[in-house]
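What follows is a set of notes on a single structure, which appears directly below.
Below, each value reflects all heavy atoms present in this structure, side chains not excepted, and no hydrogens, waters or symmetry copies. Order of appearance sets the numbers: ligands from 1, and atoms from 1 within every ligand.
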Amino acid sequence: MSRSFDAAIVGAGPAGSATAILLARAGWSVALIERQPFPRRKVCGECVAASNLALLDALGVGAEFDRRAGDELRRVALLRGDDSIVAALPGAESSARRWGRALGRERLDPLLADAAEAAGATRLQPCAVQAIGGSAGAFRLRLRPPGGGDFAIDTRLVVAAHGSWEPLPAEREEQREARAASDLFAFKANFRDAAIAADLLPVLSFVGGYGGMVVADDDLSTLACCVRADRLQALRAEQPGASAGAVVEAMLRRECAGVRDALAAAERAGPWIASGPLRPGVRLGQGDGVFRVGNAAGEAHPIVGEGISMALQSAFVLAGVIGGDRGRLLDEATAGAAQRRAISAYERLWRRRFARRLGVAAVFAHVAIRPALAGLAWPLVRRWPGVLTEGARWSGKTRSVPEAARWAGAA
Ligand SMILES: Cc1cc2nc3c(=O)[nH]c(=O)nc-3n(C[C@H](O)[C@H](O)[C@H](O)COP(=O)(O)OP(=O)(O)OC[C@H]3O[C@@H](n4cnc5c(N)ncnc54)[C@H](O)[C@@H]3O)c2cc1C
């Protein structure tokens, strides 16, 4: 006999765990399903914008985040070739803590997933969702633990929070066919003893890619970047036999003085990890009766480091739409129509809250990646470094979503 839940949430990244916490608190029975065992390293720049700190408080993990995260990030530097331009980061608009900080995903994600379990969610981990069958009010998910032995759970509503880099099994074939030279592959490594000022967020621009560095928790620095598929292929052809991470690190040290200086006396802690292809964009409107949060709903180019923000904030937007309407959304007689209406309402709000962030991030990414555009932009940024401060504001760094106010002090 299969187990049965009000909502099944696929993926326990920040979006999935935040959704699980909020729905469990609203009295829903929730299954939070995660493919990987935690803690796990994840490709990410690991900066959490200050606009989310109140959300972490509301989710019950703010104090632990404050205790563990790196220093307040008050300045941004743009690094390209031998040059760098430094500017102030804007403080958050309506938060007691005005500055973002970085925390490794091997700490942040378990913190949130543990909080979901403490709020009453059932955690099925490690367990991969293999298939989603049925429809609103009567879904059946097939789950696979490591080593096999598939089993099913029944659920009345499904929230996809599986990110964007690992398609659900049903989507895999479609993604395999559509590889393109402009696809981005993402890389991350951690370093000890890197020479990076603790309050500085260096952003890297190089031919065919962009990236960032930061000092996170335990004085461990993170270097994360995205490289176009065609550039990566060319780099690998120059160094046959070397791992992709090794050729990316060699290229960054060679082409970016800021990285070379920062890593001069540093030691890598753990291997390079990679993921991709990344295809930033909106993934809503699929008409499959599934709610989508975080990267599964839409992904901004990571040059603006707003993915964790959008993951957390979209969970609050979704919980605002569905959290208080459990009866109609889950009742077998009304679930179909009620969930369809709720998906439309949620997706409208999602676009209103986040579409601009995606657009701004895309502009910055294209300028950073293309030498001709970067060459044109550089003298302007040098003359007016405040554009970096404004850019951080335009990309959403200072603002949360209004839905969050409802949950303030709820933990
Ligand atoms: C190079 C780079 C740098 C970045 N830097 C930053 C930054 O500094 N700040 C920032 O805010 N954002 C940053 N981002 C973006 C950020 O990492 C993502 O936007 C964020 O992780 C999205 O969260 P999520 O919860 O939607 O998905 P994810 O964090 O991707 O979590 C999805 C989870 O679902 C699980 N899963 C997948 N498929 C299944 C399945 N079938 N069954 C069960 N579980 C499944 C995965 O194992 C994973 O744990 C960066 C991204 C990149 C690539």
List every atom of ligand 1 that sits less than 4.0 Å from any heavy atom of [X], numbering the atoms from 1 in the order shown and giving each element.
| X | value |
| --- | --- |
| I33 | 43 (C), 44 (N) |
| G294 | 26 (O) |
| P302 | 2 (C), 3 (C), 4 (C), 50 (C), 51 (C), 52 (C), 53 (C) |

Item to check | Partner residues of K188 under the side chain to side chain donor-acceptor pair (under 3.5 Å) criterion, sequence neighbours left out | outcome: E46
Report yes if [X] has an N/O atom closer than 3.5 Å to an N/O atom of ligand 1; otherwise report no.
| X | value |
| --- | --- |
| G305 | yes |
| C226 | no |
| G307 | yes |
| V293 | no |
| V129 | yes |
| N295 | yes |
| A186 | no |

Select the closest option to [atom] among [options], judged by heavy-atom distance.
| atom | options | answer |
| --- | --- | --- |
| atom 1 (C) of ligand 1 | C225, A297, G11, G45 | C225 |
| atom 28 (P) of ligand 1 | K42, E34, K397 | K42 |
| atom 9 (N) of ligand 1 | C47, A49, G212 | C47 |
| atom 38 (N) of ligand 1 | K188, Q125, H162 | H162 |
| atom 32 (C) of ligand 1 | A113, A161, A296, A128 | A161 |

Checklist entry - Closer than 4.0 angstrom: is that true for some heavy atom of R105 and an atom of ligand 1? => result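 R105 counts as a contact of ligand 1 under the 4.0 Å cut-off.
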Is it the case that more than 12 heavy atoms not belonging to [X] sit under 6.0 Å from its [atom1] atom?
| X | atom1 | result |
| --- | --- | --- |
| R260 | CZ | yes |
| E390 | CD | yes |
| R399 | CZ | no |
| D219 | CG | no |

Item to check | Pairwise distance CG(L388) to CZ(R393) - rounded to 0.5 angstrom | outcome: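 Taking CG in L388 and CZ in R393, the distance rounds to 12.5 Å.
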Checklist entry - Roughly how far, to the nearest 0.5 Å, is SG of C226 from CD1 of I369? => result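 Here the interatomic distance stands at 7.5 Å.
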Side chain or backbone of [X] under 4.0 Å from ligand 1, or both, or neither, by non-hydrogen atoms?
| X | result |
| --- | --- |
| C127 | backbone |
| V48 | neither |
| C44 | both |
| V214 | neither |
| R40 | side chain |
| A311 | side chain |

Checklist entry - Taking only residues at least two apart or on different chains, which pairs with a member in residues 200-232 satisfy ring-ring contact (aromatic ring centres under 6.0 Å, His included)? => result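 Sorted pair list: Y210-H301.
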Checklist entry - Can you check whether R382 reaches D83 side chain to side chain, under 4.5 Å on heavy atoms? => result yes
Checklist entry - Less than 4.5 Å apart, any side-chain heavy atom of R353 and any of P402? => result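 Yes, side chains in contact.
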Next on the checklist: Checking the side chain of S395 only, and the main-chain atoms of V360 only, is there a donor and an acceptor separated by less than 3.5 Å?
Outcome noted: no
Checklist entry - Just by distance, do the side chain of T155 and the backbone of F139 share a donor-acceptor pair under 3.5 Å? => result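 Not at all, since once roles are kept as given, no pair shorter than 3.5 Å links the two residues.
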Item to check | Criterion salt bridge (charged side-chain N to carboxylate O under 4.0 Å, His left out) on D6 and R156, from CA distance to verdict | outcome: CA-CA 5 Å; D6 292 342; R156 292 173 185 259; 5.0 Å; no
